[in-house]
2 protein chains.
Amino acid sequence: MPWREIAYNLPCCYGPGIMSDHTPLREADNGHAADDAYRLIREQILSGQRSAGAWLREGELAESIGVSRTPVREALRRLTAEGLVRHERNRGVQVQAWSIHDLDEIFSLRAVLEPWGCRLAATTGTIDVDALDALAHRMDEVAPDGRPTDVDELTELNNRFHRMILEASDNSRLAGVVSSVIQMPLVWRTFSRYSPDALRRSLAHHHELVAALAAPDPDWAESVMRSHVRAAWHSIRLRDGGDRAPGPELPDQVSTTAGQPPL
Amino acid sequence: MPWREIAYNLPCCYGPGIMSDHTPLREADNGHAADDAYRLIREQILSGQRSAGAWLREGELAESIGVSRTPVREALRRLTAEGLVRHERNRGVQVQAWSIHDLDEIFSLRAVLEPWGCRLAATTGTIDVDALDALAHRMDEVAPDGRPTDVDELTELNNRFHRMILEASDNSRLAGVVSSVIQMPLVWRTFSRYSPDALRRSLAHHHELVAALAAPDPDWAESVMRSHVRAAWHSIRLRDGGDRAPGPELPDQVSTTAGQPPL
DNA sequence: TACCTGTGAATTGCATGCAAAGAGACACTG
DNA sequence: CAGTGTCTCTTTGCATGCAATTCACAGGTA
């Protein structure tokens, strides 16, 4: 069967012969179309360029990114699995919309999982306390007196801080579950909602966590982390008109292990 | 633009013109190639037809299922996101291999999440106790005297029992997280590893859970569920040569809420 | 007006073919 | 004999085009 098209596929990357004039994104083109698509679309969602409820058209995305629809589809399926977008058969994909109820679900889950992970990290004792301490101090610098100079960097440092603790818990699924669940608050651009007081308290918690993990005292670590998460929950809700306390379904202490004197 | 191929795509489903003689699967063909591929591949993995470490070739799967490689790729990406298979760029996809350590991770997570969910279910009080009770009794019938007559049905009933409780917790993410995490034990074909004694105890737990949720007494419900999960953990490990107790990292009681008299 | 019905445009679903990346075999070189 | 280049074969990655579905909207009927 003869095939007459000459350059059916171009030699390497950079898709179809004719390309629209607005340069395709793919800044740090690493040669993996699907990965690029995933990263770029995800960024656009988290940065708010694509707002909740907006439809993501495969064709439009493919053109703007500079790849064909195939890798875009793959990226969209991945984002669907992560819960950032919703997929309806034969209709397309739209950016997931979040409600206060979602926020409550997420924080009540965090308020169970993160303290537990923190306890585990204190128990295994395999955490690099110095690195953790460095992160905490770096955050102080980025947010002197509770006023952040760079919200993005602060968020990034905070994520690394929490991730480091969870990874020391020796339960990789725990770390995976938490990070899959806390995607949404990123959309909320968490730290920009903190009052200076709340932010100062949050940073103080970090230092206290370092101390509890250095001790190491699992009860202390778990308890500080629970305070930390619940305080964050309040800080975010308060800015949102929602002034009732975070869900009554979560008692003040969910998980207290008996006894064991401090130190 | 002339197009000479006649049946380039066949009118509806059922892929390419020439099809190998061994009938493609797609038993309950619902007309959605990607979904069919996902379901069939998943079944083959869970049933053990594709054993851990085996490579899943897109071409082979596509042919055996009776679709093209595109929907197979989509199914494989989905399974990757769920952790059932591993994907290596340009090399392919292989069935995930599990270790005792994975089992411990999963059960220690369950031992935190399911009791908490059970507490929530008892607190919201929105659970259909009668339906739950019916499931518990049905399980008695399928496993009279701790000897299952149909392991598959028993597993299915058990899954429904636990899912029903988690869905009553009013935290959809909790249900999602648990079900995404407990895929692996399915591979272990859990109930076939239970001794008659262990299975009897497990079924008794179910009835006790119904009672605790009917009361409703959140402390009781939470506590029974914790026993239930930890007992299951032991039952599975004991059959595996591993005779040490499930990870010391999880104290016997992870989450005890103070006070509140029974009833 | 309310309710079908049909037509067209936009968009996804899927099959296919080429190009590129690995894996293994084998000869060649130091 | 170990290391290295090259050749081939297998398999994935991606671009593309047709088919099918959905939606909006216009026109016909009660």
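For the pair A:W55 CH2 and D:dT21 C1', the interatomic distance rounds to 13 Å; values are reported in whole Å. The separation between A:D36 atom CG and D:dA15 atom P is 11 Å, rounded to whole Å. Straight-line distance from the CD atom of A:Q94 to the P atom of D:dT22: 16 Å, rounded to whole Å. As a whole-Å value, the separation of B:D35 CG from C:dT12 P is 17 Å. In this structure, B:Y38 atom OH and C:dC14 atom P are separated by 16 Å, rounded to whole Å. The distance from atom NE2 of B:H32 to atom P of C:dG13 is 10 Å, rounded to the nearest whole Å. Nucleotide D:dA15 holds its P atom 11 Å from the CD atom of A:E74, rounded to whole Å. At whole-Å resolution of the value, CD in A:E88 and P in C:dT11 are 15 Å apart.
Taking the six-membered ring where tryptophan is involved, the planes of B:H206 and B:F161 are essentially parallel, since the angle between them stays under 30° and well short of 60°.
Taking side-chain N and O atoms only, A:H87 has a distance below 4.0 Å to OP1 or OP2 of C:dG13. When the side-chain nitrogen and oxygen atoms of B:R89 are compared with OP1 and OP2 of D:dT12, none of them lie within a distance under 4.0 Å. The side chain of B:R73 contributes no N or O atom lying less than 4.0 Å from OP1 or OP2 of D:dT12.
Residue pairs meeting the salt bridge (Lys or Arg N to Asp or Glu O under 4.0 Å) criterion with at least one partner in residues 151-164 of chain A, sequence neighbours excluded, are A:R138-A:E153, A:D152-A:R189, A:E156-A:R160.
No hydrogens or angles considered: nothing links the side chains of A:T126 and A:D170 as a donor-acceptor pair under 3.5 Å.
The side chain of A:R57 approaches C:dT11 more closely than any other nucleotide in the set D:dT12, D:dC14, C:dT11. Of the candidates C:dA21, D:dT16, C:dC14, C:dA21 carries the atom nearest the B:N90 side chain, counting heavy atoms from C-beta on. Considering only side-chain atoms of B:R77, the nucleotide from D:dC14, D:dG13, D:dC23 that sits closest is D:dG13.
A:H162 is not listed as a side-chain neighbour of A:I182, based on a closest heavy-atom distance of 4.5 Å or more.
Side-chain atoms of B:E167 do not come within 3.5 Å of backbone N or O of B:A175 as any donor-acceptor pair.
Mapping B:G59 and B:T70 onto DNA chain D by nearest heavy atom places B:G59 at the nucleotide closer to the 5' end.
Contact annotation for B:L76: no contact, since no heavy-atom pair falls under 4.0 Å across all strands.
Put simply, the side chain of B:R69 and the base of D:dG13 share a donor and an acceptor less than 3.5 Å apart.
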